[in-house]
Amino acid sequence: MIGISNLFPVGVILALVVGDSFAAEKPRLLVLTDMGADPDDQQSMVRLLLYANEFEIEGLIATSAGTTGKREQHVTHPEMIRELVTAYGEVRPNLVKHAAGYPTAEQLLAKIKVGSSQRGKEAIGEGRDTEASQWIIAVVDKPDPRPLCISIWGGQTDLGQALWRVKQDRGEEGLKEFVARLRIYDVADQDGLASWIQEMVGMVGTAHPTYVQAGAPAGRDKREGVFRGMYLGGDESLVSREWMETNIRQNHGPLGALYPPKTWTAPNPHAAIKEGDTPSWLYFLPHGLNDIEHPEWGGFGGRFERGTEGVYRDARDAVGDVSDARATVWRWRSAVQADFQTRLNWCVADKFEKANHAPVAVVNGDRSREVVRIQAKAGEMVTLSAAGSSDVDGNAVRYRWFIYREASLLGGEVTLAPMEGVTTRFSASRGEAATVHVILEVNDAGSPPLAVFRRVVVAAGE
């Protein structure tokens with residue numbers, strides 16, 4: 001149950017905002033990117049570097065950028081990652097004035113590793129170890145209780161080689177222990193290895209949330225995939241060329257200037273912002289909505305449901321008149337883009353007071369960014385309070401409460417009253433294993449206005 005804490009004074013709130021991710025443990029993140037193919041990988045890397053303070057980045061892996069029959073084959077581009085990290089180093093002096101925890105450029109440069117120039121099963125086996133596959137093994141083997149979050153933007157081959165090597169050297173049980181430390185978000189199975197990996201490591205038939213395989217179901221248009229909600233559907237003005245030029249590329253420092261202005265894949269309505277890989281790390285970003293042990297709950301990186309084989313695949317959300325997988329991502333776009341815009345502003349704001357900063361959302365006294373869990377009796381009146389929520393910049397804040405129905409297991413109709421204001425209440429669902437996912441959204445009145453979220457999971461029982 002949640003304890004009630006006293007209201008924090010402004011000075012303490014400032015320390016928390018500028019502090020290291022609210023003193024919470026950072027997720028360990030390793031990225032596999034086929035940068036040099038579609039320019040959207042560079043776009044995703046620009047955004048990720050602005051959030052480098054939220055993760056312990058364990059690896060930036062340059063995988064094969066070649067796509068048979070389409071572009072140059074058998075090539076990797078670690079120099080493209082280095083260029084972006086070097087530009088990040090130029091803006092870091094301003095970033096650290098707005099939030100602590102940003103690693104140095106030198107620390108990130110040391111995490112750039114080169115993978116195989118080949119793609120697919122034929123590039124895996126004896127004599128196929130790479131700097132990247134060996135690095136993956138070394139990182140997983142660290143004496144660290146946190147799982148390693150692996151974000152696959154393109155190219156599972158080096159991960160596949162690492163898993164193959166572990167199986168050869170440690171046997172089935174050793175591989176099982178190794179895989180238990182992984183959480184994987186795979187964008188579109190671009191090397192065609194997802195099924196092979198899942199079968200090799202024994203995921204088939206399990207219920208462990210190790211592997212999220214994002215992408216449209218077989219036989220459907222590939223553009224229906226969850227991750228394409230980053231730029232398709234919803235308010236597409238927020239991914240327009242005008243938005244990009246104004247808020248990213250122009251007058252936001254050397255890192256924003258490297259954001260590629262044009263991407264591929266019709267029907268991208270603007271051929272500008274795409275970032276199809278960004279949901280793969282937004283999924284792991286601590287932001288009060290998500291729990292990586294529950295892909296079915298949803299968050300900035302999308303929502304997923306467990307298939308019969310044990311792997312998590314695209315789920316659908318209904319937002320307004322739209323019901324599709326992309327909505328599980330674009331429903332959060334306004335908040336995601338405003339926060340991105342703010343961090344780009346930090347790149348050129350040499351004083352804390354020259355930019356906006358996210359408010360702090362408190363639920364029943366809990367100031368963390370963890371999901372709040374409450375046990376209630378069926379039919380019991382549950383009261384939730386955002387008292388203590390605040391804004392470090394002194395901006396006014398307002399509150400919105402809503403039920404995330406697709407994530408809930410409702411035993412009947414549940415209504416929040418009121419849906420705005422510091423407190424809300426509702427009668428807990430009746431029925432076996434009923435749960436209600438209530439979302440608190442706290443908005444500030446800064447420029448741009450920022451929104452933060454907290455999820456409350458209320459489980460009702462007799």
**Student:** Going from CG on L232 to CZ on R326, what distance comes out if it is rounded to the nearest 0.5 angstrom?
**Tutor:** 5.0 Å

**Student:** In Å, rounded to the nearest 0.5 Å, how long is the span from OG of S240 to CD of E245?
**Tutor:** 10.0 Å

**Student:** Between CG of D191 and CG of D158, what distance do you get to the nearest 0.5 Å?
**Tutor:** 8.5 Å

**Student:** Quick one: sort the Y102 and Y88 rings into parallel, tilted or perpendicular, breaks at 30° and 60°.
**Tutor:** tilted

**Student:** Between R183 and E293, is the closest basic N to carboxylate O distance under 4.0 Å?
**Tutor:** yes

**Student:** Quick one: do the Q134 and D129 side chains pair a donor with an acceptor below 3.5 Å?
**Tutor:** no

**Student:** Under 4.5 Å between any side-chain heavy atoms of V166 and I137, yes or no?
**Tutor:** yes

**Student:** In this structure, are over 12 heavy atoms from other groups packed under 6.0 Å from K142 atom NZ?
**Tutor:** yes

**Student:** CG of L163 to CD of Q198: how many Å apart, nearest 0.5 Å?
**Tutor:** 11.0 Å

**Student:** Using a strict threshold of under 4.0 Å (side-chain N to carboxylate O), is an ion pair present between E275 and R47?
**Tutor:** yes

**Student:** Assert yes or no for the condition that the ring centre distance of H357 to F352 is strictly below 6.0 Å.
**Tutor:** yes

**Student:** Among Y211, Y283, F227, which residue meets the ring-ring contact (aromatic ring centres under 6.0 Å, His included) test with Y185?
**Tutor:** Y283

**Student:** Return yes when atom CD of E122 has more than 12 non-hydrogen atoms of other residues, nucleotides or ligands closer than 6.0 Å, and no otherwise.
**Tutor:** yes

**Student:** Would you compute the distance between atom CG of L289 and atom CZ of F453 and round it to the nearest 0.5 angstrom?
**Tutor:** 6.0 Å

**Student:** Here's a test for you: under side-chain contact (heavy atoms from CB on, under 4.5 Å), which of E56, E58, R181 qualifies with L148?
**Tutor:** E58

**Student:** Could you tell me whether R119 and D34 have a side-chain N and a carboxylate O separated by less than 4.0 Å?
**Tutor:** yes

**Student:** What distance separates K176 NZ from R170 CZ, expressed to the nearest 0.5 Å?
**Tutor:** 16.0 Å

**Student:** Are there over 12 heavy-atom neighbours, none belonging to R146, within less than 6.0 Å of that residue's CZ?
**Tutor:** yes

**Student:** Kindly assign one of parallel, tilted or perpendicular to the pair F300 and W332, based on the angle between their ring planes and the thresholds 30° and 60°.
**Tutor:** tilted

**Student:** Scan T33, T278, D277 and name whichever one has a side-chain hydrogen bond (donor to acceptor under 3.5 Å, both in side chains) with S44.
**Tutor:** T278

